[in-house]
**Q** 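Can you read through this structure? Questions will come right after.
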Amino acid sequence: MTEQHQPVPAPLHRPRRLRTTPAMRRLVAETSLSPDQLVLPVFIREGLSEPRPISSMPGVVQHTRKSLLAAVTEAAELGLGGVMLFGVPETRDATGSGALDPSGVLNLAITDVVAEVGDALTVMSDLCLDEFTDHGHCGVLGSDGRVDNDRTLALYAEMARAQAHAGVDVVGPSGMMDGQVRVVREALDASEHTDVSILAYSAKYASAFYGPFREAVDSTLEGDRRTYQQDPANVREGVREAQLDVAEGADVVMVKPALAYLDVVRAVREAVSVPVAAYNISGEYAMVEAAAEYGWIDREQAILETLTSIRRAGADIVLTYWASEAARLLAR
Ligand code: PBG
């Protein structure tokens with residue numbers, strides 16, 4: 001049977017020419033992805049004798065001191081840009097005092113990691129109280145049960161000093177308290193830590209995608225963070241938050257989560273001149289891992305496509321639990 005289609009005009013333009021071979025596709029790629037741009041978030045849990053798997057984040061663990069050093073050494077060998085440390089203490093209280101204690105789990109881990117890989121990697125630490133408070137909020141609570149912004153700031157200032165004293169390169173204030181960047185900058189400068197940088201979690205949204213992280217840090221949070229984290233409906237507000245943080249002294253601003261907020265990444269990238277980071281968070285990781293586990297998607301391709309999309313949206317730096325693995329995939 002012969003086909004009876006009407007003759008159609010030949011295309012005037014053939015964009016497919018630029019897709020013909022792998023070398024051609026590499027040549028014209030608009031977006032690059034390299035290990036230097038990736039930061040690996042890691043969890044260190046006080047009192048563990050073995051690394052403990054996080055069931056909602058397959059492949060991610062709560063580290064012991066020893067396994068943490070192995071993970072960051074590998075990260076350095078793979079040429080990553082940095083690591084972001086989260087501490088999970090054994091005991092918690094209303095004001096999160098373990099965060100300020102020089103011998104608290106996070107501060108000790110900073111010193112350990114800097115001693116091990118400080119020349120090869122940028123060492124960053126989460127500057128927030130939620131892992132250290134018994135109620136799981138990012139600050140101290142007022143008599144009305146809400147997070148008291150201004151009383152929390154004083155604790156962030158002290159936490160910043162403690163982390164800087166422990167040797168960290170970059171602090172990451174992630175609690176979404178108004179004025180936190182200014183207070184942290186002043187605390188660092190007043191304690192002769194003028195070279196410690198601030199990566200501000202500027203546009204941080206109250207997101208369902210943080211779910212698996214709550215298991216990662218044994219969170220005790222009840223309720224939500226909607227009175228301090230942003231409403232997912234807003235993009236201009238995210239830009240404003242980033243601009244305020246730059247004005248307060250942020251060296252790098254961050255958008256978080258990444259995937260459901262790629263438009264915010266783009267808008268922030270266009271609005272500021274400091275580097276922009278985006279955090280490919282726990283729920284985004286878990287979705288890909290779960291779908292791959294079911295055989296529904298190609299895991300490795302999905303990882304690289306996800307990270308490329310965040311870079312394409314305008315992120316200079318990407319925080320991702322796949323950082324080490326992505327570096328390995330990129331090397332082949
Ligand atoms: C707060 C903090 C959170 C994450 C990073 N820092 C949790 C929250 O705000 O509820 C989430 C990271 C992730 O989900 O991967 N210290």
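Being a predicted model, the structure only gives us computed values, none of them experimental. Ligands are counted one by one from 1 in listed order, and the atoms in each one are counted from 1 as well.
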**Q** Whether the side chain of Glu186 engages the backbone of Val183 through a donor-acceptor N/O pair (distance < 3.5 Å, no angle test) should be reported.
**A** no

**Q** Between Phe86 and ligand 1, which part of the residue brings a heavy atom under 4.0 Å of the ligand: side chain, backbone, both or neither?
**A**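 The answer is the side chain of Phe86.
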
**Q** Report, in ascending order of atom number, the atoms of ligand 1 lying under 4.0 Å from any heavy atom of Tyr321.
**A**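 What qualifies from ligand 1 is 12 (C), 13 (C), 15 (O).
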
**Q** Hey, is Glu131 one of the residues with a heavy atom under 4.0 angstrom from ligand 1?
**A**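 In this structure, Glu131 qualifies as a contact of ligand 1 - some heavy atom is under 4.0 Å.
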
**Q** Checking a contact table here: which protein heavy atom is nearest atom 11 (C) of ligand 1, and how many Å away?
**A** Lys256 NZ, 3.0 Å

**Q** Could you tell me the residue and atom name of the protein heavy atom closest to atom 14 (O) of ligand 1, and the distance to it rounded to 0.1 Å?
**A**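 Closest protein heavy atom to atom 14 (O) of ligand 1: Ser282 OG, 2.7 Å.
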
**Q** So, are Glu325 and Arg299 salt-bridged, with charged N and O less than 4.0 Å apart?
**A** yes

**Q** Enumerate the atoms of ligand 1 whose separation from the nearest heavy atom of Asp130 is less than 4.0 angstrom.
**A** 1 (C), 16 (N)

**Q** Considering only the protein, which heavy-atom contact is closest to atom 2 (C) of ligand 1, and what is its distance?
**A** Lys204 NZ, 3.2 Å

**Q** Hey, is Leu221 touching ligand 1 through its side chain, its backbone, both or neither, going by heavy atoms under 4.0 Å?
**A** neither

**Q** Are Arg332 and Glu300 close enough for a salt bridge, meaning some N to O gap below 4.0 Å?
**A**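 Salt bridge: yes.
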
**Q** With heavy-atom distances below 4.0 Å as the criterion, list the atoms of ligand 1 near Ser174.
**A**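 Matching atoms, with element in brackets: 1 (C), 6 (N), 16 (N).
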
**Q** What protein heavy atom is closest to atom 12 (C) of ligand 1, reported as residue, atom name and distance in Å?
**A**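 In this structure, atom 12 (C) of ligand 1 has Phe213 CD1, 3.2 Å as its nearest protein heavy atom.
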
**Q** Got a salt bridge between Glu74 and Arg328, using NZ or NE/NH1/NH2 to carboxylate O under 4.0 Å?
**A** yes

**Q** Is Asp231 paired with Arg226 through a side-chain N to carboxylate O contact shorter than 4.0 Å?
**A**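 Between Asp231 and Arg226 there is no salt bridge, as every charged N stays at least 4.0 Å from the carboxylate O atoms.
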
**Q** Can the ring centres of Tyr205 and Tyr210 be said to be less than 6.0 Å apart?
**A**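 Aromatic pair excluded; centres sit 6.0 Å or further apart.
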
